Amino acid sequence: MQNAVELHNLNCTFTSGSFQLRAVDNVNLSIAPGEFFSLLGPSGSGKTTCLRLIGGFEQPTSGVIKLFDTDASRLPPFEREVNTVFQDYALFPHMTVRDNVGYALMVRGVSRAERVRRSDEMLETVKLGGYGSRKPSQLSGGQRQRVALARALINKPRILLLDEPLGALDLKLREEMQIELKGLQRQLGITFIFVTHDQSEALSMSDRVAVFNHGRIEQLGTPRDLYDAPRTEFVARFVGSANVISGETLHLESKRQYALRPEKVGISSASSTSPSSGISSLTGQLQDIHFLGSQTRYEVLVGGERVTAITSGAESCEIGSSVTLTWPADAPRLLEVQM
Amino acid sequence: MNQSTSQPNLPRPNFWRRASSLLYEKPWLGLVLLLAPPLLWLGVFYLGSLLNLLFYSFYSIDDFSGQIKYDLGFSTLAQLFTSSSNVDIVTRTLSMSIAVTIACAVIAFPIGYFMAFYAKGRTKAIWYLLVLLPLWSSYLVRVYAWRLILAREGVASWFFDTLGLRPVLDGILSLPVIGGPSLSSSYLGMFLVFTYVWLPYMILPIQAALERVPKNLIQASSDLGARPAQTFWRIILPLAVPGVAAGSIFTFSLTLGDYIIPGVVGAPGFFIGQVVYTQQGAVGNLPLAAAFSVVPIVIITGYLMFVKRLGAFNAL
Amino acid sequence: MTARASLGLRLASSAGLVFLHFPLFIIFLYAFTTEDRTYQFPPPGLTLKWFGIAAARADIWSALFLSVQVALAATAIAMLLGVLVAAAMYRAKFWGRDAVTLVLILPIALPGIVTGIALLTTIKRAGLEPSLLTIVLGHATFCIVTVYNNVVARFRRMSASQLEASADLGADGWQTFRFVVLPNIATALLAGAMLSFALSFDEVIVTTFTAGKEQTLPIWFLSELFRPRDRPITNVVAIFVIAVTTIPILLAQRLTAGGDDLHGGGK
C-alpha cells in the first residue's frame, strides 16, 4: 500500500560557525494515509525540525522525503500538497479572517465569489461562522487557532501538519480542541502529523506516536505499546510516569533496569501481607503521602531506591512505617541498555 | 486510496513558480539578486567615488598652467602639514567640533533624561515630536534663523539692550579667540549656531540609551541604600555613555565637514569645509580640495573606532 | 526614582526645548515683518504682502519644481534599493554582512562635503555634465539608508512564519511578496519614503557639488543666505520650506505610530 509520508535516512544538520547541531539524525519513518501520527519529544529533540522538513521549510542535509510515493525532498513548500497549522498560527494580520482562510484559493486564481463561499463554508466547519469579516487581532487565541486550521484545510490537503497547535491554549480549551481535532481528522480522513511535547495529548489522540530524543526516534508504536512496553528509560519516563528500578532491588536480572508503572504497584501495611502466586512484593519504608483527589500517591524507599505507588483508594499507612509493595510479576519491563 | 498521485490542487507552473523553486533550491542566489542592485550603487558608485577622491588627493596642480597633473605623488597632501595656515585650519575645525560636541551633550542630557524617565504617554509623544521636528526640518532655514537673531539690529542685540546687559555682551566679545566685533562675526556666535543645529542629533540617542536602562536597576540601587546622586553617577551615567557616543558621531562629524555655518556666521579663520568648497570651486584646485577632505575621513574613521568601544554602534 | 522630576531637571530640559524652537518662531515672525532692508527686531509692523510677491516669482517656482523632481526621483530609487537591502539583511547571515552595514551608513556618517566632492570627482572623471541626473544620483545615495532603517525594523517585527504560511498555502515568491510582505512593510516603506523626500528636498551640501548651474530651492536659499537680496521673500520661502519638510515628517510619524520610533539618520 502507498504511504502518505516516507522518510528515508533523513538528516538535517544546522551549522553555526564551527558548531554543528544534528537536529534530525538518520530518521526513518512511514506514515499511512489517514493516520493520526504524533511526533513526541522534549524541546530540542528534533520533532519540530522533522515536521518542517516534511513541510519544506527546511531542506534535508541528506536523505529522502517521499509524499505519496513522489520524491519531495527538494520541492519548495508551495509545490507540496501538504498544509500546516503553525505554532504561532501565522495568520496574516492585514487580512480579514475570510481572506486568511481563502488565501490558498486566491493564489490559485479562484474567483472572488467562489472564495467567499468556500471560506465561509470552512469557517462553519470550524464553528466560526459569522466571523469572516473580522481581523485576526479581534479574535481570542482559541478562535485564531480555528482560523489557522480552516486556512490550512480549505485546499483539501492530503496531509496536515500541526506544530504544537494547542500549546498556547489553556487547559480546558486544550482538551476541547483535542476532541475536536480528532473528530475532524476522522471526518476528513486525511493524514494528520502532530507535533507535541505533551505526552498525554499524544497518547489520547494518536494512532501511532514516534518518540524523539536527540534528533533520533527513540521508539515508535501505538500509544498502548509505548505505555505498556517502553523500550528505553527515556521513553518510560517521558511517556507517563515510571519507576525505573534496578534488577538487584527487584530480585530480577541484575545490572539491568526495569520500568514499573506506579499504578501497577499496590501498597499495604507490612503486617497484612500474604504472598500469592503471580504477585511480586517488597517491603520498604513509607516516606511521603500525596493526596491527589481521586488517587493517592505514596513515596516508598526500597533498598535505597525510591518507588512511587499510586492507588485509587486510601490505605491506612503512616509516614515512616514499614509497608509492603505488591505488583503483578509481569509488570516490570526490562529496559534496553543505553549507551 | 481513491486519490490519484497527480497534484490537482497545485496551481499551473509559470515563470514565477519556476523562478521561486530555483531560489528555494539555491538560497544564496536569492541573496545575490537582492543585494546586487544596492551594492552596485553603494559599493561601486559610492565607494568608487570615495576611492576616486583619494586618488585626486595624490594628484597635484601645475603652478603655471593651473591644470591638474594626473601623476600620483604626495606633494598635495604634504601641503596640509607644511603650510602653517593649513595646520591652523585643521586645528580650528577640530577644536570647534569638540567644543560643539561637548556643549550638545551637556544641553541634550537633561532633555533625554527627562524624556526617558519622567515623560509619560502623551507628554512623551509630544516631546519626542518636538525634538524630531527640528532634526528633520530644514537645516538651511534653521541656520538662517540665526542670521536674523545674531544680526546687529536683530533679536540678540535687542535682548541685551532691553535688559541693560550690553556691557556684558561687549565684555564677552572683547575676549580673545572666542570674541569678535559682533556676535554674528565671532567664534562664539558660530559655536552657538553649530550647537543649535546639531543638538537634536544628540538628544535622541541619549534618550534611546536611557530608555533602555531597566527601571528596576534604579530601584535596586536605591534599595541598596544608594543616594540619588550615587545612583546617577554610578548607574545612570555609565549606561548613558553609548548614547552620548552615538550622538557625538553626528555632532562631531557634521561640524567637521560643514562649510555653510562658518560662511554665514563669519569669523576670520577658514574651516576645512570652506577650504574644500572654495578650492574645488573658485580656485579650481580639485587635488587640494580632495586632500583636505581626506582629513575628516581619517579623523572620523579614528573617532568611529574610538566610540565603537563605548558601545555607540549599539545605540545608533 | 521619584515620580516627579526635580525643579532643576525640569528647568534644564524645558530650556533646552525652548532653545530648539525659539529660532523657528523667529522665522515665522519675520515672514510678516514690514521691514525689508534689515533684520530689525522687534518688527516695526506686520503684513501679509510678501506671500503674494514671493508667489509671483518665477525663479522660486522653477527652483521648487526642480527640488520636487529631484526628491521624487531620489526617493523612488531609495525605496527600491532600500527594500532590496532590507529584505536581504533582516534574516540572512552571510559573510560580509557588517561590510554592507558600513557601506549603508557611510553616506550619512561621513560629512556631506566628503560625499559631495567624492561624487564630483567621479562625475568629472566620467565626463558627465552636472544636471538633474547627477543631483539625483547624489541624493539617492544618502536616502537609501533612511528607507532601509525603517523597512528593516518592520521586517524584524514581522513573524517569519507568515512567509512560511504563505508558501505553505501555495503562493510562489512573487505572490508572497505581493500579498504578505508588501502589506506588512507598506507603512514603514511609506514612512521611509516621506523622510527620504524631506531629506532630499532640504539637502544642500552635496547638492552644491553635483548641481552645476542647476538651482534647487535650497541652493536658491543658500545664495540668499550669503548675499541677501530679497530678505522678505527669503523669509517667506523659509517658512514654506519648513512646512514642506514638516508635513512628510508628521505623516511618517503617524504611519509608524504604535510601532517603534522613526528611524532617522544624519544629513
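In the text below, chain A, chain B and the rest are named by the order of the sequence lines, each starting its count at 1. These figures come from a predicted structure and were not determined experimentally. Hydrogens, waters and symmetry mates are skipped; everything else that's a heavy atom, side chains included, is used.
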Cut-off 4.5 Å, heavy atoms of chain C, and the answer for A:Leu105 is neither
Bottom line for A:Arg151: the part with an atom under 4.5 Å from chain C's heavy atoms is both
**Asked** Within 45° of the ring axis of A:Tyr131 and under 6.0 Å from its six-membered ring centre, is that where the NZ or CZ of A:Arg98 lies?
**Response** no
Highest number of heavy-atom pairs under 4.5 Å with chain A among C:Ala160, C:Ser159, C:Ser166 belongs to C:Ser166
The interface call for A:Ala148 against chain C, heavy-atom contacts under 4.5 Å, is neither
Could you tell me whether the side chain of A:Phe194 reaches within less than 4.5 Å of the side chain of A:Phe37, counting heavy atoms only? no
The interface call for A:Asp88 against chain C, heavy-atom contacts under 4.5 Å, is side chain
Smallest heavy-atom separation, C:Arg154 atom then C:Ala188 atom, equals CB-CB, 3.6 Å
In A:Leu39, A:Leu162, A:Leu40, A:Asp163, the residue satisfying side-chain contact (heavy atoms from CB on, under 4.5 Å) with A:Thr196 is A:Leu40
When the 4.5 angstrom heavy-atom criterion is applied to A:Phe86 and chain C, the contacting part is side chain
query = Any donor-acceptor pair under 3.5 Å linking the side chain of A:Thr191 with the backbone of A:Gly34?
reply = yes
